[in-house]
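Below is one structure, written out as structure tokens; comments come after it.
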Amino acid sequence: MIKVLFGTESGNSEMAAEDIAQYIRDSGESAQLVPMEDCDVSELAGAGLAIVITSTYGEGELPETTQPFYDSLAEIRPDLSALKFAAFGLGDSTYETYGNGIDVVSALLRELGAQQVGDTGRHDAAKGLALSQVAVDWVRKYLPELGRLAA
Ligand SMILES: Cc1cc2nc3c(=O)[nH]c(=O)nc-3n(C[C@H](O)[C@H](O)[C@H](O)COP(=O)(O)O)c2cc1C
């Protein structure tokens, strides 16, 4: 089971999460969509494997539903050494703080002991490429490895 965690302000990260989860299911693995606001961070390590998706808002800040997840992680500081995660960020390169959100969340997950799988995927709204395509192309690259880890 791969948990697909998303945090968002205006819904794009949720769409990316849905596309990624659907691709995983179509490929024969199981995936569970989890909004970050519903995630109990003290049970996160039990997930074993997660894909973490968030946008960036404001001036390099976390979007509305990622901020409480981040704050809980920073406060509770669960031991995440049993967690492996892959990261996908949404942003817009016309901002100086392009893609800061996913970098901030990934850094905290690693600090708490989680191990990142693969390179952080990115969708840049300024490039005009379809979000769904960029998200699915990214997860396709890592699915064999994620599938092995989920087994
Ligand atoms: C008011 C506003 C501020 C934003 N600030 C940033 C930013 O600082 N850095 C960045 O990379 N993208 C920024 N973006 C772009 C969003 O991250 C991008 O539109 C993303 O697709 C939104 O995803 P979401 O709907 O999941 O929140 C901003 C967008 C808006 C509307």
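Side-chain atoms are counted along with the backbone in the values below, which use heavy atoms only and exclude waters and symmetry mates. Start at 1 and go down the list; that is how both ligands and their atoms are numbered.
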To which protein heavy atom is atom 5 (N) of ligand 1 closest, and what is the distance rounded to 0.1 Å?
Gly58 O, 2.8 Å
What do you reckon, does Ser13 have a nitrogen or oxygen under 3.5 Å from a nitrogen or oxygen of ligand 1?
yes
Could you check atom 15 (C) of ligand 1 against the protein and tell me its nearest heavy-atom contact, residue, atom and distance included?
Asp92 CB, 3.6 Å
Determine whether Glu145 and Val117 satisfy the following criterion, side chain to side chain contact (heavy atoms under 4.5 Å, CB included), listing intermediate values before the conclusion.
CA-CA 8 Å; Glu145 193 176 349; Val117 178; 3.4 Å; yes
What is the minimum heavy-atom distance between Thr8 and Ser55, and which atoms define it?
CA-OG, 4.3 Å
Checking Ser10 against Tyr57: is there a side-chain donor and acceptor pair closer than 3.5 Å?
yes
Residue part near ligand 1, for Tyr57, under 4.0 Å between non-hydrogen atoms
both
By number and element, which atoms of ligand 1 are closer than 4.0 Å to a non-hydrogen atom of Ser10?
24 (P), 25 (O), 27 (O)
Where is the nearest protein heavy atom to atom 24 (P) of ligand 1: which residue, which atom, and how far?
Thr8 OG1, 3.3 Å
Examine ligand 1 and decide if any of its atoms is less than 4.0 Å from a heavy atom belonging to Asn100.
no
Could you tell me whether some N/O pair between Gly99 and ligand 1 is separated by less than 3.5 angstrom?
yes
Who's the nearest protein heavy-atom neighbour of atom 13 (C) of ligand 1, and how far?
Thr56 O, 3.3 Å
For atom 3 (C) of ligand 1, what's the nearest protein heavy-atom neighbour? Residue, atom name and distance, please.
Tyr95 OH, 3.3 Å
Quick check against the 3.5 Å criterion: does Arg25 have a side-chain atom that pairs as donor or acceptor with the backbone of Ala31?
yes
What's the shortest heavy-atom distance between Leu49 and Leu146, and which atoms?
CD2-O, 3.3 Å
Location of contacts on His123 toward ligand 1, heavy atoms closer than 4.0 Å
neither
Among non-hydrogen protein atoms, atom 20 (C) of ligand 1 lies closest to Asn12 ND2, 3.9 Å
Between the main-chain N or O of Gly58 and the side-chain N or O of Tyr95, is there a donor-acceptor pair closer than 3.5 Å?
no
What protein heavy atom is closest to atom 27 (O) of ligand 1, reported as residue, atom name and distance in Å?
Ser55 OG, 2.7 Å
Atoms in ligand 1 flagged as close to Glu59, the criterion being non-hydrogen separation under 4.0 Å
8 (O)
For Ser93 and Asp124, test the side chains for any donor-to-acceptor distance below 3.5 angstrom and give the result as yes or no.
yes
At their closest point, which heavy atom of Thr65 faces which heavy atom of Gly7, and how far apart are they?
OG1-CA, 3.2 Å
Output for pair (Leu73 CG, Ser42 OG), nearest 0.5 Å, gives 10.0 Å
Closest heavy-atom pair, Ala16 versus Phe88, reported as atoms and distance to 0.1 Å, is CB-CE2, 4.4 Å
Polar contacts were defined as any N/O atom of the residue lying under 3.5 Å from an N/O atom of the ligand; does this apply to Pro63 and ligand 1?
no
N/O of Gly60 under 3.5 Å from N/O of ligand 1, yes or no?
yes
